[in-house]
Amino acid sequence: MQQTKTAAKPLVLKAPGDERHFFSVPAEVSDLSDTFNGNILVENGAECEIKRNIIHLINKKPDNLSLAQLSNVLPLTAKVYEDSWRKRSIGIISGETFPLKDERKLLQTWVAPKPDELIVDVGCSTAFYARSVLNKEPGARVVALDFSEEMLQEARAYCKKENVHAFLLRADAAYMPFYAESVDAIVCGGSLNEFADPARVLYELRRVLKKDGRCFMMHLLQANTWYGRLLQGGSKTGGLHFWTEQESDDLFKKSGFTVERRHTLGVVCFSLLRCA
């Protein structure tokens, strides 16, 4: 069984709308084997509720969500996401064999997590990337961030099953509650295509990432075939975005990133980004 380690430090989060104040979330909140409920208050009167270890920085869906994002609040979507879709999705989309264990190994190798590093899984869904980091380095402080409480509940169940410790944070990826240059690494699996404003989220990732930090990004490229573009055209009506490799590189560059490494499988693109 995977050996675990409770996060050694509390998680510091900005109070909404006021950077002069912060929440200090106890390290034991990340121990998902023990249910934690409570409220954290700061001097300016802001309040942070923790329910079943999920830290609620928001208590409602963010504005302007795409249809693709809205589907993530459905309990059924959260229940079937990883076992019924995530395990097969890359093979289906790319037409090539690439099981989850290979994706996990690629992430672990490129990110190379270290003890006590603060690593954030942005748009985490069921926290597959967060768990992959912790399976490689149990001593990392990992935050699984999503706006969907339903996805975070499933993430909690998966983390408990794998006996790993993570902070589960309900927040908006476009307005993350971290101070500038405070995060060692960011991982993001597929959510870039779903964000209503991908550029806004990328700017936010760049803001919170340390200058020597790294960002592991998986996203889908624009299809080259007529039938692929036909399928993606239907997806665009649901709010999904697709770019050519050059367009995605331009998007990363405008947001303050450079591409250090890349691996593509058809339209599936893995990139290791560094701060420019």
Side-chain angles (χ1 to χ4, degrees), residues 2 4 7 11 30 32 54-55 69 72 77-78 81-91 93-94 98-114 117-148 150-171 173 176 178 183-195 198 201-202 204-205 208-209 213-220 257 260-263 265 268-274:
Q2 172 69 42
T4 63
L11 177 66
S30 68
L32 305 178
I54 298 175
I55 307 159
Q69 288 179 299
N72 291 328
T77 301
Y81 173 77
E82 186 158 326
D83 287 337
S84 297
W85 169 246
R86 193 64 175 82
K87 285 184 177 180
R88 304 172 179 84
S89 60
I90 290 183
I93 294 169
S94 69
F98 197 71
L100 280 183
K101 64 180 179 65
D102 292 343
E103 186 177 354
R104 173 181 282 138
K105 183 177 181 180
L106 182 69
L107 180 148
Q108 292 172 338
T109 302
W110 285 12
V111 175
K114 302 176 182 64
E117 283 194 320
L118 178 58
I119 301 176
V120 182
D121 182 357
V122 176
C124 68
S125 298
T126 55
F128 171 67
Y129 275 10
R131 285 151 36 216
S132 297
V133 169
L134 287 163
N135 278 306
K136 176 67 173 180
E137 178 46 73
R141 291 187 302 137
V142 175
V143 178
L145 183 153
D146 206 290
F147 72 87
S148 169
E150 291 77 9
M151 283 293 188
L152 290 170
Q153 288 172 348
E154 290 300 309
R156 183 177 187 271
Y158 277 105
C159 287
K160 285 183 67 176
K161 183 178 179 180
E162 294 185 18
N163 197 25
V164 295
H165 296 157
F167 291 102
L168 305 177
L169 177 60
R170 189 181 182 201
M176 293 193 293
F178 303 107
V183 175
D184 293 287
I186 291 170
V187 294
C188 183
S191 295
L192 186 67
N193 298 89
E194 296 185 4
F195 292 133
V201 174
L202 284 170
E204 185 71 347
L205 301 188
V208 305
L209 196 62
R214 59 268 190 219
C215 177
F216 182 94
M217 180 72 64
M218 185 271 276
H219 74 287
L220 302 181
F257 288 105
E260 182 175 290
R261 303 178 73 171
R262 169 156 292 154
H263 179 63
L265 291 164
V268 181
C269 181
F270 296 94
S271 302
L272 182 65
L273 308 178
R274 295 279 189 174

Side chain to side chain contact (heavy atoms under 4.5 Å, CB included) involving [X] - partner list, sequence neighbours excluded:
X: Ala173; answer: Val122, Leu145, Phe195, Val201
X: Ala130; answer: Asp121, Ala127, Val142, Ala144
X: Lys105; answer: Thr109

Closest contact, heavy atoms only, [X] versus [Y]:
X: Ser125; Y: Asp146; result: N-OD2, 2.9 Å
X: Ile119; Y: Pro113; result: CD1-CB, 3.6 Å
X: Val143; Y: Leu118; result: CG2-CD1, 3.9 Å
X: Met217; Y: Leu202; result: CE-CD2, 4.0 Å
X: Leu107; Y: Val133; result: CD2-CG2, 3.7 Å
X: His165; Y: Leu134; result: O-CD1, 3.0 Å

Mind checking side-chain hydrogen bond (donor to acceptor under 3.5 Å, both in side chains) for [X] and listing every partner two or more places apart, or none if nothing turns up?
X: Arg262; result: Glu245, Asp249, Ser271
X: Arg274; result: Glu260
X: Glu117; result: Arg214

**Q.** Side chains of Cys159 and Arg131 in contact at under 4.5 Å (non-hydrogen atoms)
**A.** yes

**Q.** Heavy-atom side-chain proximity of Val111 to Lys136 below 4.5 angstrom
**A.** no

Q: Determine, stepwise, if the pair Val268 / Met218 fulfils side chain to side chain contact (heavy atoms under 4.5 Å, CB included).
A: CA-CA 7 Å; Val268 181; Met218 185 271 276; 4.1 Å; yes

Q | From CA spacing to verdict: side chain to side chain contact (heavy atoms under 4.5 Å, CB included), Val183, Leu205 | A | CA-CA 9 Å; Val183 175; Leu205 301 188; over 6 Å; no

(Q) Does the plane of the ring in Phe216 sit parallel, tilted or perpendicular to the ring in Tyr129? Use 30° and 60° as the thresholds. (A) perpendicular

Q | side chain to side chain contact (heavy atoms under 4.5 Å, CB included) between Arg104 and Phe128, intermediate numbers included | A | CA-CA 8 Å; Arg104 173 181 282 138; Phe128 171 67; 3.3 Å; yes

